[in-house]
Amino acid sequence: MSTRDSLAHDDVAYQFHSYTNAQRHREEGPCIMDRGDGIHVYDTEGKQYIEGMAGLWSVAVGFSEPRLAQVAYEQMQRLPFYHTFTHKSNIPSIELAEKLISLTGGRMAQAFFTNSGSEANDTIVKMVWYYNNALGRPAKKKIIARERGYHGVTVASASLTGLAGNHRSFDLPLPQIRHVRCPHWYREGLPGETEAAFGDRLAAELEALILKEGPDTVAAFIGEPVMGAGGVIVPPEAYWPKMQAVCRKYDVLVIADEVITGFGRTGQMFASERFGIEPDFMTLSKQLTSSYQPLAAVLMNERVASVLIRHSGELGSFGHGYTASGHPVATAVALENIRIIEERGLVENAAAVGAVLQRRLRELSGHRLVGEVRGVGLIAAVELVADKAGRTPFDPLGKAGAAVVRQAQANGLILRGIQDSLAFCPPLIITEAQVNLLADRFAQSLDQAAQAL
């Protein structure tokens, strides 16, 4: 048995995989990655792939940044671990908290660290409840999320997530969670309805839900500035200001989940800036460390922080935290990762090279399989349809997307199939020439899959 075959055997035998059909995995086995270099990864057979998804929407600086490895090594030697419980701290976590608050221009006031975006959103749920208890509003606990939104997989965050696959057989969502319509005009807009009118309708639907539930019971509204795992959904231009206005009217906190969009993905440091969001909470992860280390952050504004601080004094403690909250190695890597993003102008690169990606993908709009091309900066999606005029999806849903993903991988390009939408989210270091090569491989894969379909 070859080394690769032995690894594949052991993977199937011993490892249970995330987001995988476990039964099919026993039949197909894994594609095992061995190393990375820039925007590329290489499997155990030595085959090179353009990582068109930056791993999981996350590896901003590429797969071989020596500065991140070096800073992790140095921190491991100096202080490999310490915690942030009971008035303890460490230098990298302090410096990262200050840096993140400064990147928001002072709109946020405090940072709390977790290991993942899921944990961060669970933390926010608990903070929202804690906040309203502190204000003497024990009934104000419901949180409104959106269909097709993605906020994680732990019990509370998976409840916020608006995808059926994250709820089925898990007894989710929790009863305090509600969902409103996804802001996808292409799929959810009415015949003849403009995008502006669509945004007005969604804001009216949010207000109607708040009134139905009772404003004294609705605590917060959460959303990704641009939806990621729900299909890269870019909302109508005025959507966020309209939704936010409704929230402010009824004293509903606004949570911006920037796990995917933070640190330059949309061509600005945070997508909240681009879409006019003034959040009470922000969730950050993924590109925070380029996923070289597990780390996420909850940022909160002064309005929220002051109440949490006061209430913890009344109770004697803020009874929440993780062993690795503010981990010195992870926070040191995050600091260096942000320095690289700033020094190399990767936010600006996402805007400039992202424009090339958006143009190249939109050139495929006339393809017989392509229903919609959407995106902003270096995040995009191409949605496939069986009939362009009627916007008719394939039956079964996901068949076409899976065919293109398989063909692209055979052609050395890794994409993410979200039903029949093909998602693109390459590392922020990608060059214009590399974007053109990515687009060429995708176009070839699309044509090949069309013939098979």
Side-chain angles (χ1 to χ4, degrees), residues 57-61 65-124 127 255-265 268-273 279-302 304-305 308-309 318 320-344 346-347 428:
W57 321 85
S58 56
V59 184
V61 300
E65 179 47 62
R67 284 172 55 178
L68 298 191
Q70 183 63 32
V71 78
Y73 173 69
E74 291 171 359
Q75 186 60 47
M76 287 281 280
Q77 289 186 308
R78 184 178 184 87
L79 182 67
F81 167 72
Y82 214 70
H83 60 87
T84 58
F85 286 39
T86 59
H87 311 284
K88 305 299 191 300
S89 196
N90 62 78
I91 294 170
S93 71
I94 296 168
E95 293 180 344
L96 179 60
E98 188 279 331
K99 179 62 176 178
L100 293 177
I101 298 307
S102 70
L103 286 175
T104 71
R107 292 186 299 277
M108 299 288 107
Q110 296 258 287
F112 178 92
F113 295 113
T114 73
N115 307 288
S116 68
S118 294
E119 291 174 349
N121 281 324
D122 267 34
T123 294
I124 290 175
M127 285 179 168
I255 306 164
D257 185 334
E258 296 239 24
V259 166
I260 287 176
T261 56
F263 303 100
R265 177 57 58 186
Q268 290 186 239
M269 182 60 75
F270 300 113
S272 293
E273 303 164 9
D280 298 291
F281 287 99
M282 292 175 65
T283 317
L284 306 174
S285 190
K286 293 191 182 289
Q287 293 191 151
L288 174 58
T289 66
S290 285
S291 287
Y292 280 48
Q293 286 282 291
L295 183 67
V298 171
L299 304 188
M300 67 195 90
N301 63 16
E302 181 61 31
V304 171
L308 301 191
I309 291 167
F318 177 69
H320 176 80
Y322 304 93
T323 301
S325 291
H327 194 288
V329 178
T331 50
V333 168
L335 280 164
E336 190 69 7
N337 180 67
I338 294 169
R339 289 188 195 103
I340 292 169
I341 288 172
E342 292 181 322
E343 289 171 12
R344 298 180 186 170
L346 296 187
V347 178
L428 298 187

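Residues satisfying the ring pair (Phe, Tyr, Trp, His ring centres under 6.0 Å) criterion with Y73, sequence neighbours excluded, are absent altogether. Taking the ring pair (Phe, Tyr, Trp, His ring centres under 6.0 Å) definition, one finds that F270 meets it with F263, sequence neighbours left out. With sequence neighbours left out, A120 forms a side chain to side chain contact (heavy atoms under 4.5 Å, CB included) with T114, T283, A296, V298. Remark: E336 engages R67, R339 in a salt bridge (charged side-chain N to carboxylate O under 4.0 Å, His left out) (not counting sequence neighbours). Under the side chain to side chain contact (heavy atoms under 4.5 Å, CB included) criterion, T261 pairs with P225, V226, E258, T266, A271, not counting sequence neighbours. For Y292, there are no ring pair (Phe, Tyr, Trp, His ring centres under 6.0 Å) partners at least two apart in sequence or on another chain. Scored by the side chain to side chain contact (heavy atoms under 4.5 Å, CB included) test, D122 finds T154, A156, S157 as partners (sequence neighbours excluded). Remark: S290 pairs with N337 by the side chain to side chain donor-acceptor pair (under 3.5 Å) rule, at least two apart or across chains. Here T104 pairs with nothing under the side chain to side chain donor-acceptor pair (under 3.5 Å) rule; sequence neighbours left out. Listed by chain and number, the residues in a side chain to side chain contact (heavy atoms under 4.5 Å, CB included) with N115 are E119, Y322, A324 (sequence neighbours excluded). The side chain to side chain donor-acceptor pair (under 3.5 Å) search around Q70 returns E74, not counting sequence neighbours.
If you take CD1 on I255 and CE on M282, they are separated by 12.5 Å, rounding to the nearest 0.5 Å. Once rounded to the nearest 0.5 Å, the distance linking NZ of K286 with OG of S116 reads 9.5 Å. Atom CG of residue L299 and atom CZ of residue F112 lie 12.0 Å apart, to the nearest 0.5 angstrom. A distance of 8.5 Å separates CD1 in I124 from CE in M300, rounded to the nearest 0.5 Å.
Side-chain atoms of P279 and R107, non-hydrogen and from C-beta on, never get closer than 4.5 Å to each other. Residues L295 and H327 form no side-chain contact, since every pair of their non-hydrogen atoms from C-beta on lies 4.5 Å or further apart. With contacts defined as side-chain heavy-atom distances shorter than 4.5 Å, the pair Q110/I309 qualifies. Side-chain contact between I91 and L79 is absent, with no heavy atoms from C-beta onward closer than 4.5 Å. Side-chain atoms of L100 and L288, non-hydrogen and from C-beta on, do get closer than 4.5 Å to each other. Residues F81 and T323 meet the side-chain proximity criterion, which asks for heavy atoms closer than 4.5 Å.
A 6.0 Å sphere centred on CD1 of I101 holds more than 12 heavy atoms belonging to other residues, nucleotides or ligands.
Shown here for I260 and R265, the closest heavy-atom pair between the two residues is O-CB, 3.6 Å. Taking each heavy atom of S325 and F113 in turn, the nearest pair found is OG-O, 2.9 Å. Of all non-hydrogen atoms in V333 and A72, the two that sit nearest each other are CG2-CB, 3.8 Å. Across L68 and T289, no two heavy atoms sit closer than the pair CD1-O, 4.0 Å. Across all non-hydrogen atoms, the minimal contact from G262 to Q287 is O-NE2, 2.9 Å. In plain terms, the two heavy atoms of K99 and L335 that are nearest each other are CB-CD2, 4.1 Å.
Judged as a side chain to side chain donor-acceptor pair (under 3.5 Å), the pairs with a partner in residues 78-92 (not counting sequence neighbours) are, in order, N90-S93.
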